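Okay, so here's the structure we're looking at.
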Amino acid sequence: MNARKALVAFMTFIGGLYFILEFVVPPTLPLATTTGIALSKKVPVFTIQTKDGLPMSVPADSSVSFFIMRRNKAGDFQSTEQKSREIFPGQVATIRTRAITVGAFNDKGERLDDSGNPIILKPGEVPFTTDGLEASQMGIAYQKVVGRIRDNGEANINTLQPGEIVYVEVRDATIKNIDRGELVLLVKDKQRTLKIGNASVIMRNLRRSQPEEINIHQVNLGDTISIGPNTLFRDQRDTASQFNSVIGTLALGMGLLSLGMVNLRKLKKKESEWYTSIIFFVAIVGGVFAGIGKYQPSGTSFRLFSDTMVLQIIGAMGTAIFSLLSFYLASAAYRAFRIRTFEAGLMMVTALIIMFGQTPFGMYISGWIPQDFQALWLPNISAWILRVPSSAFIRALTFGAMLGAIATALRYWLNMERPAGMGDD
Amino acid sequence: MENANWQVLVLMILFSGIVLWKIGSARKGKDLYIRPIPGLNAIDEAVGRAAELGAPILFNPGLADFTSIQTLAALGILQHVCKVAALYDTRIICTTNIPVMVPICEEILKSTFNEAGKPEMAHTSEVRFLSDRSDLTALAHSQILVDENVASNFLFGNYDYTALIFSEGGQIAGCMQIAGTADYYQIAFFIPSCDYVIMVEELYACSAYLSRQPTMLGSVVGQDYGKLVLLILIVIGVILTTLFGPHNPINLFEQVLNLK
């Protein structure tokens, strides 16, 4: 084995070992973990500075969530929710300080919450609805048209319906100081006060399933809680996948190059339908402008071009492709249900039972069977097929897939086999 | 929380131990038998058909990147298909929706054709990145089937709802099609559209089956022994639940207690 092969084998082994340890090693250090019954808690308090430089103190109770901007798999920045223990002084984060259920207006024209108190926002706090954030770009455009959200994404509280929820957020706040709080546990008949540190992980032990990690505000009186220093394996998983995202983003250029070469050759050799390659290059240039336009303020021509390309052209074409499936499904179903063998006949009968059983028509044609024999009603037969033979088959496949994956992973991990195309020579 | 409890840990060690034990015995020269997989036997036939027609073959290594074990298995099959294609002087086109797969597939094509002494075939064959969206990739793949008069279509790896567009395109173009995936919801779509379908764990056994190396064969046999262990555990579980299960109508345990 030469040095390069040995290095690759070593790195593969170390990488695999990390994921195995991450799966096997408990989230808290075994000997430094304290387990007991929760008696009381003091929630963490975050001292922050808003974008405008105003100080604010946020007790991290159940209504508080933290979001930081991270790159997703496509390489775009995305707001990702973080556990409060993953937030550290110096970080810039968006903090959702509370949620308000919108109520009616009072005589002075002020908007009230559902308890009848006027909605008063502290300096730096801004209201947001989740529908604008989670909906597609088309959804955001719609929200703007009907006046529910403003251009900066902020919710217009006066246009919301009573009963709707707005989230009050402090955006791009700098974390200045954190008091992580403390927990009082009953450990072996003795009361112990445990101060929560930066590396502490709180686990709630459950009777019927594995322990779950919780935030301190989620601790209830009487819960069996384990607290200990973090073993760090779990928190590094994101870093490993981010590394993969970076490589993926870099590789996008290679993909485009390959596509460009194929189309360039088609143009040069004037192959059949060579003019489609011109459309390809025009679309690439159009795509670049649409990409730039995505980050321009709405109303500008660039932004309009981007919205037209993404929502009205690509979106419509995607829907058209999806609708093709129904035709393909029909032709595939025709071939599958042609009764040429006993097995095909069996499949046809089963499929008919399932299809009829899932619709009211199934009950309509089998409802005459007396209730004493209700097991023979088509919906019941259909449910039995799905619950018993079908799920048995799926479980068998799952077992097989799991064993196959373990065997293959072992071969790669221990360098008994090298994946094709990854340096065999 | 996805952390191993002791039961999972025991099973993981047990299955890994069985696989390693069978690999060890295979390396010592023990003769091992694995059942024939018709879909893999048909690969040579599919490439031969393309050679007879003078048409290229099209290969798609699934919709996931190389971090998926299914994709790695698919790349092993691509390597074998390339070897057979080199033997028959058949052009191969590889399509992908993952940019990072382009250099990997190119490397497989180049190294396999070089190894077969036909480096010139690496220039005529090609790897095409179609789109990063699976639906557009499926449609473009289907278009290549028609444009290039493809004779044989190979679909191996992870697939999503677009599996049917990939395979029906080949069916309409009259290609011989071999598909393999461990995504069991897509198997139902491949079965009516493809000539041969390689299902779930068969996909993981492909490289072992094709290479016939003792290490690989040992791991496949180890897999089967693992299934035997699971079967025994299931039977024991069924018996124990029937006899002592709390919700069972014939709760013998309670009956015995009542008798006392």
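A quick note: this is a predicted structure, and the numbers were derived from the prediction, not measured. Hydrogens, waters and symmetry mates play no part in the numbers below; they use all other heavy atoms, side chains included. We name chains A, B, ... by the order of the sequence lines, and we start the count at 1 in each one.
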Part of B/I191 within contact of chain A (heavy atom distance under 4.5 Å): neither

Contact class of B/L139 relative to chain A, heavy atoms under 4.5 angstrom: side chain

Under 4.5 Å from any heavy atom of chain B - which part of A/L325: both

Close side-chain approach of A/T35 to A/T224, heavy-atom, < 4.5 Å: yes

Trace of the side-chain hydrogen bond (donor to acceptor under 3.5 Å, both in side chains) decision for B/S134 with B/Y159: CA-CA 9 Å; B/S134 62; B/Y159 284 93; over 6 Å; no

Within-4.5 Å side-chain heavy-atom neighbours: A/L414 and A/F13: yes

Most contacts with chain A, counted as non-hydrogen pairs under 4.5 angstrom, among B/V200, B/I18, B/V102: B/V200

Worked verdict on A/Y328 versus B/I172 for side chain to side chain contact (heavy atoms under 4.5 Å, CB included): CA-CA 10 Å; A/Y328 282 152; B/I172 292 164; 3.5 Å; yes

Non-hydrogen side-chain atoms of B/L130 and B/H141 separated by less than 4.5 Å: yes

Side chain, backbone, both or neither of B/A73 within contact of chain A (heavy atoms, under 4.5 Å): backbone

Chi angles and distances behind the side chain to side chain contact (heavy atoms under 4.5 Å, CB included) call for A/I214, A/I225: CA-CA 10 Å; A/I214 53 172; A/I225 299 291; 3.9 Å; yes

A/F327, part contacting chain B, at a heavy-atom distance under 4.5 Å: neither

Part of A/L410 within contact of chain B (heavy atom distance under 4.5 Å): side chain

Side chain, backbone, both or neither of B/E202 within contact of chain A (heavy atoms, under 4.5 Å): neither

Proximity breakdown for A/F322 and chain B, heavy-atom pairs closer than 4.5 Å: side chain

Min side-chain heavy-atom separation B/F156-B/L78 under 4.5 Å: no

Atom group of A/L324 that falls short of 4.5 Å from chain B, counting heavy atoms: side chain

Those residues that, when tested against B/Y204, pass side chain to side chain donor-acceptor pair (under 3.5 Å) (two or more places apart): none

Largest heavy-atom contact set with chain A, pairs under 4.5 Å, which of B/K110, B/K22, B/Q171, B/R128: B/Q171

Chain A neighbours within residues 225-232 of chain B, where any heavy atom lies under 4.5 Å away: B/G226, B/K227, B/L230

Side chain to side chain contact (heavy atoms under 4.5 Å, CB included) between B/E126 and B/R91, intermediate numbers included: CA-CA 8 Å; B/E126 61 191 304; B/R91 188 176 154 227; 3.0 Å; yes

Pairwise side-chain contact, B/V19 with B/S219, heavy-atom cut-off 4.5 Å (strictly under): yes

Heavy-atom side-chain contact between A/D223 and A/Q218 under 4.5 Å: no

Interface moiety of A/M402 toward chain B, non-hydrogen atoms closer than 4.5 Å: side chain

B/M101 vs B/T71, side chain to side chain contact (heavy atoms under 4.5 Å, CB included): CA-CA, chis, key distance, verdict: CA-CA 10 Å; B/M101 292 294 289; B/T71 309; 3.4 Å; yes

Which atoms of A/L329 approach chain B - backbone, side chain, both or neither, heavy atom under 4.5 Å: both

Within-4.5 Å side-chain heavy-atom neighbours: B/Y161 and B/Y185: no

Contacting moiety of B/D147, where chain A heavy atoms sit under 4.5 Å: side chain

Part of B/I234 lying under 4.5 Å from any heavy atom of chain A: side chain

Minimum side-chain heavy-atom gap A/F280-A/T276 below 4.5 Å: no

Region of B/F189 that comes under 4.5 Å of a non-hydrogen atom in chain A: side chain

